[in-house]
Visitor: 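There's a structure below that I have some questions on.
No experiment lies behind these values; they were computed from the predicted model shown. What you see below is based on every heavy atom in this structure, not just the backbone, and it leaves out hydrogens, waters and symmetry mates.
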Amino acid sequence: MRKYVMFETEIGILYIVSENKRINAVHIGEEDFLQHEDIAAIAEDRADPLLAEAKKQMMEYFRGERQIFKLPLEQKGTDFQMDIWSQLQQIPYGQTKSYQDIAVLADRPKAVRAVGQANKANKLPVIVPCHRVIGKNSSLTGYAGTRTDIKDKLLTLEGATFKSGK
């Protein structure tokens, strides 16, 4: 059974979704949640131990008390996407890499746009830190579509160096 918990954060309302005792989605905002979840087949469960732990860790992150999430995760994607998501998890808190850097680390140096598409397909934002991937010139580019304001807030929270669009 799919379950979720929702709560307010500095980047808006987050919806964390679990199934089979694994976290498999983080939605930023109600619109994203409703677009990707079948409301008839999912139930809010604030008492679920896994969701409670995920919320606790997320709140610790937003308070600057957590840099690494320790949660059972499940992501589904192509082999390429899985490789890119694995590379994202290697980017330390407060640091950034360019899309080109990630393509090179994945042994696909010409796949810069594909890295961007894999980031866009990441269903576990914040936990799998796609926000730490920025343009080669240190500028913010794409996040949750056009939500670079969220990327800005997350990188500022982490103390990362980047060129803000503000």
Side-chain angles (χ1 to χ4, degrees), residues 1-37 42-99 101-102 105-106 115-134 140-145 147-160 162:
M1 175 176 184
R2 291 179 65 78
K3 299 182 265 186
Y4 74 94
V5 65
M6 70 175 229
F7 54 98
E8 186 71 36
T9 71
E10 288 80 342
I11 61 171
I13 295 174
L14 289 189
Y15 295 79
I16 299 179
V17 179
S18 72
E19 186 173 30
N20 299 323
K21 299 184 182 182
R22 299 214 175 292
I23 302 298
N24 54 32
V26 175
H27 299 288
I28 302 171
E30 183 178 45
E31 183 178 328
D32 184 52
F33 177 69
L34 295 175
Q35 180 180 349
H36 293 99
E37 298 296 338
I42 190 168
E44 184 170 16
D45 188 345
R46 294 176 182 263
D48 178 77
L50 174 58
L51 291 172
E53 179 61 23
K55 177 182 175 181
K56 174 181 165 280
Q57 288 189 29
M58 193 68 76
M59 297 308 288
E60 290 169 349
Y61 168 82
F62 282 107
R63 288 192 304 265
E65 299 168 0
R66 175 172 294 278
Q67 296 183 359
I68 298 170
F69 292 92
K70 296 183 187 294
L71 296 165
L73 306 176
E74 178 179 52
Q75 276 195 300
K76 295 177 183 169
T78 65
D79 289 344
F80 178 77
Q81 288 172 328
M82 298 296 280
D83 187 27
I84 296 306
W85 298 332
S86 176
Q87 296 296 334
L88 299 180
Q89 291 182 290
Q90 305 307 311
I91 306 171
Y93 179 93
Q95 295 183 28
T96 60
K97 298 255 184 224
S98 71
Y99 292 90
D101 293 336
I102 298 299
L105 288 168
V115 168
Q117 290 304 309
N119 268 14
K120 185 176 178 182
N122 174 23
K123 294 196 179 350
L124 295 168
V126 183
I127 295 172
V128 175
C130 52
H131 62 277
R132 295 181 189 151
V133 182
I134 61 176
L140 299 184
T141 57
Y143 188 75
R147 302 287 313 270
T148 55
D149 59 314
I150 293 171
K151 187 180 255 192
D152 188 309
K153 287 178 184 177
L154 294 171
L155 292 175
T156 299
L157 171 79
E158 293 185 14
F162 64 96

Visitor: Can you tell if the side chain of V26 reaches within under 4.5 Å of the side chain of V128, non-hydrogen atoms only?
Guide: no
Visitor: Just verifying a value: how many Å separate Q89 CD and L124 CG, rounded to the nearest 0.5 Å?
Guide: 8.0 Å
Visitor: Give, for atom CE of M58 and atom OG1 of T9, the distance between the pair rounded to the nearest 0.5 Å.
Guide: 8.0 Å
Visitor: Excluding sequence neighbours, so at least two apart, what forms side-chain contact (heavy atoms from CB on, under 4.5 Å) with A118?
Guide: F80, Q81, I84, W85
Visitor: I want to check something: taking the side chain as every heavy atom from C-beta on, are L105 and K97 in contact at a cut-off of under 4.5 Å?
Guide: yes
Visitor: Tell me every residue that passes side-chain hydrogen bond (donor to acceptor under 3.5 Å, both in side chains) with Q87, counting only those two or more places apart in sequence or in another chain.
Guide: none
Visitor: Can you list everything that forms a salt bridge (charged side-chain N to carboxylate O under 4.0 Å, His left out) with E30? Sequence neighbours excluded, please.
Guide: none
Visitor: Could you tell me if the ring centre of H27 sits under 6.0 Å from that of F33?
Guide: yes
Visitor: Once side-chain hydrogen bond (donor to acceptor under 3.5 Å, both in side chains) is applied, do any residues pair with E10, and if so which ones, sequence neighbours excluded?
Guide: none
Visitor: Going by the rule ring-ring contact (aromatic ring centres under 6.0 Å, His included), which residues pair with Y61 if we only count those two or more places apart in sequence or in a different chain?
Guide: F69
Visitor: So, taking the atom named CG in L71 and the one named CD in E53, what distance separates them when rounded to the nearest 0.5 Å?
Guide: 6.5 Å
Visitor: Return the set of residues passing side-chain hydrogen bond (donor to acceptor under 3.5 Å, both in side chains) with T156 (not counting sequence neighbours), or none when no residue passes.
Guide: D152
Visitor: Could you tell me if the side chain of L51 sits less than 4.5 Å from the side chain of I23, heavy atoms only?
Guide: yes
Visitor: If you round to the nearest 0.5 Å, how far is CD1 of I28 from CG of L154?
Guide: 7.0 Å
Visitor: Return the minimal non-hydrogen interatomic distance between A52 and R46, and the atom names on each side.
Guide: CB-O, 4.4 Å
Visitor: Roughly how far apart are H131 NE2 and I11 CD1, rounded to 0.5 Å?
Guide: 8.5 Å
Visitor: According to salt bridge (Lys or Arg N to Asp or Glu O under 4.0 Å), does anything in residues 69-81 pair up with another residue at least two apart or in another chain? List the pairs.
Guide: none
Visitor: Is the closest side-chain heavy-atom distance between E37 and Y15 below 4.5 Å?
Guide: no
Visitor: Is there a side-chain contact between R132 and L155 (heavy atoms, below 4.5 Å)?
Guide: yes
Visitor: Kindly give the heavy-atom pair with the smallest separation between A160 and T96, and that separation in Å.
Guide: CB-CG2, 4.0 Å
Visitor: Assess whether atom CD of Q35 is packed by more than 12 heavy atoms of other residues, nucleotides or ligands within 6.0 Å.
Guide: yes
Visitor: Measuring from atom CD1 of I16 to atom CG of L50, what distance do you get when rounded to the nearest 0.5 angstrom?
Guide: 9.0 Å
Visitor: Flag the pair L14 / Y4 as yes when at least one side-chain heavy-atom distance between them is below 4.5 Å, and no otherwise.
Guide: no
Visitor: Looking only at the side chains, is there a donor atom on one of D83 and S86 sitting less than 3.5 Å from an acceptor on the other?
Guide: no
Visitor: For residues 12-21, which residue pairs pass the salt bridge (Lys or Arg N to Asp or Glu O under 4.0 Å) check, not counting sequence neighbours?
Guide: R2-E19
Visitor: Within the side chain of S98, is there an N or O that forms a donor-acceptor pair under 3.5 Å with the backbone of D101?
Guide: yes
Visitor: Between Q75 and I127, is any pair of side-chain heavy atoms under 4.5 Å apart?
Guide: no
Visitor: If the condition is side-chain hydrogen bond (donor to acceptor under 3.5 Å, both in side chains), which residues does D48 pass it with, not counting sequence neighbours?
Guide: K3
Visitor: Checking E65 now: which residues fulfil side-chain contact (heavy atoms from CB on, under 4.5 Å) with it, not counting sequence neighbours?
Guide: E60, R63
Visitor: More than 12 foreign heavy atoms under 6.0 Å from CD1 of I68: is that the case here?
Guide: no
Visitor: Once side-chain contact (heavy atoms from CB on, under 4.5 Å) is applied, do any residues pair with P92, and if so which ones, sequence neighbours excluded?
Guide: Q95
